[in-house]
Amino acid sequence: YNGPLEVSMERTTLISPADVEQQLAFCQSVAELTARWPEGKPLAFVDTYGCQQNEADSELLRGMLCEMGYQITDTDRGADVIVINTCAIREHAEQRVFGNVGALVHGKRRNPEQIICLCGCMAQEPHVAQRLRQSYRHVDLVFGPQQLWRFPEFLRRVMLRRGRVFETERDEGAIAEGLPVRRSGKLKAWVSIMYGCNNFCSYCIVPYTRGRERSREPKAILDEIQSLAAQGYKEITLLGQNVNSYGKDLEGGWDFPTLLERAAGIPGEFLLRFMTSHPKDATEKLFDVMARCPKVAPVIHLPFQSGNTRVLGAMNRRYTREQYLEKVAALRARLPDVVLTSDVIVGFPGETTPEFEDTLSLMEEVRFDALFTFIYSPRKGTPAAELPDPMTKAEKSANFDRLVEVQNRISLEKHRAYIGTVQRCLIDGAGEDPRNNLTARTAGGRLVHLSGDAALIGRFADIRITDCSTWALFGELSAEHPGAGG
Ligand code: SAH
Ligand code: SF4
Ligand code: F3S
């Protein structure tokens with residue numbers, strides 16, 4: 001595809017550069033306040049829950065905090081500003097946030113000047129905002145994910161007035177380009193390519209918290225990837241709730257496979273990953289691009305959620321069991337060794353045990369490399385939360401245990417098949433076990449433990465796999481290819 005990078009359409013979803021400029025001016029205005037801090041720079045702590053999209057958002061929050069004169073710290077103790085970037089996907093995630101936010105009250109009593117902010121998906125739930133307003137009075141600032149780009153304005157307002165600020169109106173969302181970012185790693189980077197979700201799976205809160213689907217312009221994305229590659233990033237992950245919807249709101253024939261192929265044409269030694277893919281929109285065109293671009297990692301996260309067509313319908317997933325299996329077959333016809341991971345929900349309202357057993361049989365048929373397994377958690381405001389849910393907790397957890405057992409066996413079998421092979425891996429960090437002082441990832445994203453010189457961190461190297469567990473591979477630097485890696 002050699003079409004234009006500039007998308008000519010008047011983008012109603014693009015925040016005007018003047019409005020972004022204004023936020024940068026608010027950063028300067030806060031920086032004048034923080035410059036008068038009595039000793040050194042004030043400290044800011046950003047705590048992240050939830051998905052990679054939230055991790056990426058937190059890197060923007062940190063970028064803005066640095067512009068405002070803060071030094072980033074990794075603990076709430078002694079922090080002058082605390083930002084909790086929250087997730088609403090399951091009850092358990094929310095309870096953890098409420099527990100941790102509640103505990104911050106003690107630190108605030110010791111340091112009443114401390115500013116506590118809560119943002120992310122929970123902030124966009126009306127009942128949560130209400131509860132924070134009434135019962136968590138030590139929280140100064142609450143804003144939803146669509147308002148993230150206005151953080152400097154809000155923080156300044158809190159600092160100047162010392163009043164509480166709530167910016168939690170329902171918001172369809174827009175796109176702000178040109179915000180400062182402070183990335184957490186030097187090897188791996190996130191690049192959001194789109195925001196929001198239009199799928200409204202009946203159990204899921206995300207379409208209510210993240211607004212409507214909107215795509216970044218291809219030029220902004222490709223420039224960002226190019227700059228990351230030039231800085232030496234080795235693994236770049238393209239993010240969206242459903243990357244396969246990319247470009248539906250753009251002119252010029254852009255779609256995800258086109259973007260991915262263009263990104264793979266950028267020079268540099270790096271691998272491209274992406275998540276998440278909704279099976280209904282994962283096309284053969286995407287699989288073809290994966291197969292022909294060596295820079296695109298041979299791995300796909302393709303959540304199936306259930307192996308039963310009736311349950312899939314009730315979940316509003318818009319594919320059947322057979323259609324899911326056909327997608328997997330089309331993918332494997334092109335990439336026989338592709339690493340396939342997925343998400344599954346156990347105990348969706350009304351799911352019977354025979355229907356659950358269809359999930360087990362789909363797992364046996366597909367044999368996923370790894371599976372993220374969840375027990376259904378009702379989310380206020382979603383259609384599924386209104387459905388009758390007769391199955392007991394005990395039955396659901398018995399089914400859950402059966403599922404985990406099946407997947408653990410499959411994961412172990414799949415890992416055993418790696419033993420004796422040589423895998424080109426990115427050595428990405430230090431391990432905790434002194435005998436295996438390094439960690440690495442295969443191109444497909446499987447974790448490898450090995451021992452070697454720490455100077456290899458950040459290099460691609462050939463690793464011979466010697467052993468495995470359910471969760472990881474063990475290996476050694478391959479003798480034929482010492483892995484100097486260039
Ligand atoms: N956009 C991504 C998923 C985001 S949420 C996608 O569609 O693939 C990640 C996973 O959390 C989902 O795939 C689903 O398996 C799980 N999940 C979402 N809502 C849930 C709920 N209410 N209860 C339990 N699991 C849920
Ligand atoms: Fe939620 Fe479905 Fe959207 Fe994923 S595709 S974020 S599961 S509504
Ligand atoms: Fe959680 Fe929001 Fe991500 S609900 S999973 S942080 S999109």
Side-chain angles (χ1 to χ4, degrees), residues 47-58 61 84-97 118-125 128 144-146 148 173 190 192-214 238-246 248 274-282 300-307 311-312 314-319 324 327 340-349 351 359 368 370-387 389 396-397 399-400 403 407:
D47 198 8
T48 315
Y49 296 76
C51 61
Q52 288 82 355
Q53 195 100 62
N54 257 16
E55 296 287 347
D57 284 350
S58 286
L61 291 164
I84 323 268
N85 193 7
T86 64
C87 172
I89 202 79
R90 283 170 292 275
E91 183 69 37
H92 178 70
E94 294 202 347
Q95 276 164 355
R96 269 177 61 216
V97 168
L118 188 146
C119 61
C121 288
M122 278 172 73
Q124 207 64 62
E125 292 181 290
V128 170
Q146 277 68 263
L148 183 112
W190 313 116
S192 290
I193 63 164
M194 59 185 302
Y195 306 93
C197 182
N198 287 354
N199 287 317
F200 290 94
C201 302
S202 64
Y203 50 81
C204 184
I205 194 73
V206 172
Y208 305 89
T209 62
R210 286 272 174 179
R212 297 289 61 74
E213 254 167 36
R214 52 212 188 269
L238 310 183
L239 295 180
Q241 290 304 331
N242 175 18
V243 291
N244 296 319
S245 297
Y246 177 81
K248 284 186 182 167
F274 55 92
M275 65 187 321
T276 299
S277 293
H278 193 301
K280 81 176 160 56
D281 305 311
I300 187 166
H301 184 64
L302 201 61
F304 75 106
Q305 315 297 2
S306 163
V311 175
L312 286 168
M315 288 177 163
N316 191 32
R317 288 292 285 182
R318 289 174 282 173
Y319 53 85
Y324 185 88
K327 294 270 167 163
L340 190 55
T341 62
S342 198
D343 294 345
V344 60
I345 298 176
V346 175
F348 183 82
E351 181 187 62
T359 290
F368 296 103
L371 200 55
F372 297 86
T373 53
F374 306 106
I375 291 192
Y376 170 75
S377 170
R379 308 283 67 214
K380 206 174 250 158
T382 62
E386 308 298 317
L387 295 174
D389 191 2
K396 288 187 183 187
S397 48
N399 284 346
F400 185 81
L403 182 142
Q407 183 55 41

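Whatever order the structure lists ligands and atoms in, that order sets their numbers, starting from 1. Quick caveat, the model's predicted, so the values are computed rather than measured.
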Ion pair check, Glu351 and Lys396, cut-off under 4.0 Å:
no

What protein heavy atom lies closest to atom 3 (Fe) of ligand 3? Include the residue and the distance to one decimal.
Cys51 SG, 2.3 Å

Could you tell me if Tyr203 and Gln305 have a donor-acceptor pair between their side chains, going purely by distance under 3.5 Å?
yes

Protein residue, atom and distance nearest to atom 26 (C) of ligand 1, heavy-atom basis
Arg90 NH1, 3.6 Å

Just one of Phe368, Phe274, Phe372 clears the ring-ring contact (aromatic ring centres under 6.0 Å, His included) bar with His301, so which one?
Phe372

If only side-chain N and O atoms count, and only distance matters, is there a donor-acceptor pair under 3.5 Å linking Arg317 with Asn199?
no

Do the numbers put Arg210 on top of the ring of Tyr195, so that NZ or CZ is under 6.0 Å from the six-membered ring centre and no more than 45° off the axis?
no

Rounded to the nearest 0.5 Å, what separates atom CE in Met315 from atom SG in Cys204?
11.0 Å

Just which atoms of ligand 2 are under 4.0 Å from any heavy atom in Cys197?
3 (Fe), 5 (S), 6 (S), 8 (S)

Please confirm whether the backbone N or O of Asn198 pairs with a side-chain atom of Glu213, one donor and one acceptor, at under 3.5 Å?
yes

Close approach of Asn199 to ligand 1, heavy atoms, under 4.0 angstrom:
no

Do Ser192 and Gln53 have a side chain donor and acceptor closer than 3.5 Å?
yes

Do ligand 1 and Ser277 have nitrogen or oxygen atoms that lie under 3.5 Å from each other?
no

Distance from Glu91 atom CD to Gln95 atom CD, nearest 0.5 Å?
4.5 Å

Answer with side chain, backbone, both or neither: which part of Gln53 has a heavy atom less than 4.0 angstrom from an atom of ligand 3?
neither

Tell me, which protein residue and heavy-atom name are nearest atom 6 (S) of ligand 3, and how many Å apart are they?
Asn54 ND2, 3.3 Å

If the cut-off is 4.0 Å to any non-hydrogen atom of His278, which atoms of ligand 2 fall inside it?
5 (S)

Do the ring planes of Tyr319 and His278 sit parallel (below 30°), tilted (30 to 60°) or perpendicular (above 60°)?
perpendicular

Hydrogens and angles aside, do Ser58 and Asn85 bring a side-chain donor and acceptor to less than 3.5 Å of each other?
yes

Protein heavy-atom partner closest to atom 24 (C) of ligand 1 - residue, atom, separation in Å
Ile375 O, 3.5 Å

Is any N or O atom of Arg379, backbone or side chain, closer than 3.5 Å to an N or O atom of ligand 1?
no

Specify side chain, backbone, both or neither for Phe374, according to which of its non-hydrogen atoms lie closer than 4.0 Å to ligand 1.
side chain

Nearest-contact summary for atom 13 (O) of ligand 1 - protein heavy atom, Å
Asp343 OD2, 2.6 Å

for atom 2 (Fe) of ligand 3, nearest protein heavy atom and its distance come out as Cys121 SG, 2.2 Å

At a non-hydrogen distance cut-off of under 4.0 Å, which region of Gln305 contacts ligand 1 (side chain, backbone, both, or neither)?
side chain

Are Phe348 and Asp389 side-chain neighbours, meaning at least one heavy-atom pair lies under 4.5 Å?
no

the protein heavy atom lying closest to atom 7 (O) of ligand 1 turns out to be Arg317 NH1, 3.9 Å

Please list, in number order, the atoms of ligand 2 under 4.0 Å from a heavy atom of Pro207.
8 (S)

Geometry only, no angles: is Asn242 polar-contacting ligand 1 at N/O separations under 3.5 Å?
no

At a non-hydrogen distance cut-off of under 4.0 Å, which region of His301 contacts ligand 1 (side chain, backbone, both, or neither)?
neither

In plain terms, say whether Lys380 and Glu386 are close enough for a salt bridge, that is, a side-chain N and a carboxylate O under 4.0 Å apart.
no

Cys201 near atom 2 (Fe) of ligand 2 via N/O/S, less than 2.8 Å:
yes

Enumerate the atoms of ligand 1 whose separation from the nearest heavy atom of Gln241 is less than 4.0 angstrom.
1 (N), 2 (C), 4 (C), 6 (C)

For Arg212 and Cys197, indicate whether the former's side chain and the latter's backbone hold a donor-acceptor pair under 3.5 Å.
yes

At a 4.0 Å cut-off, with the gap strictly under it, does some heavy atom of Arg317 reach an atom of ligand 2?
yes

Non-hydrogen atoms of Cys87 and Gly50 that approach each other most closely
CB-CA, 3.4 Å

Taking atom 21 (C) of ligand 1 as the reference point, the nearest protein heavy atom with its distance
Ser377 O, 3.6 Å

Atoms in ligand 2 with a heavy atom of Cys204 nearer than 4.0 Å:
1 (Fe), 6 (S), 7 (S), 8 (S)

Restricting to N/O/S atoms, is Cys87 within less than 2.8 Å of atom 1 (Fe) of ligand 3 or not?
yes

Rounded at 0.5 Å granularity, tell me how far OG in Ser202 sits from CG in Asn316.
6.5 Å

Quick note on ligand 1: atoms under 4.0 Å from a heavy atom of Tyr376 include exactly 23 (N), 24 (C)

of all protein heavy atoms, closest to atom 4 (S) of ligand 3 is Ala88 N, 3.2 Å

Of the side chain and backbone of Pro303, name the one, both, or neither that has a heavy atom under 4.0 Å from an atom of ligand 2.
neither

Parallel, tilted or perpendicular for Phe200 and Tyr208, by the 30°/60° rule?
perpendicular

Tell me the contacting part of Tyr203 for ligand 2: side chain, backbone, both, or neither, using a 4.0 Å heavy-atom threshold, strictly below.
side chain

For ligand 1, indicate whether the residue Ile89 contacts it via side chain, backbone, both or neither (heavy-atom separation under 4.0 Å).
both

Which of the atoms in ligand 2, numbered in the order shown and given with their element, are less than 4.0 Å from a heavy-atom of Gln241?
6 (S)

Are Asp281 and Lys248 ion-paired here, with the side-chain N under 4.0 Å from a carboxylate O?
yes

With a cut-off of 4.0 Å, which atoms of ligand 2 are near a heavy atom of Phe200?
8 (S)

What part of Pro303, side chain, backbone, both or neither, has a heavy atom within less than 4.0 angstrom of ligand 1?
side chain

Contacting atoms of ligand 3, where contact means under 4.0 angstrom from a heavy atom of Gln241:
7 (S)

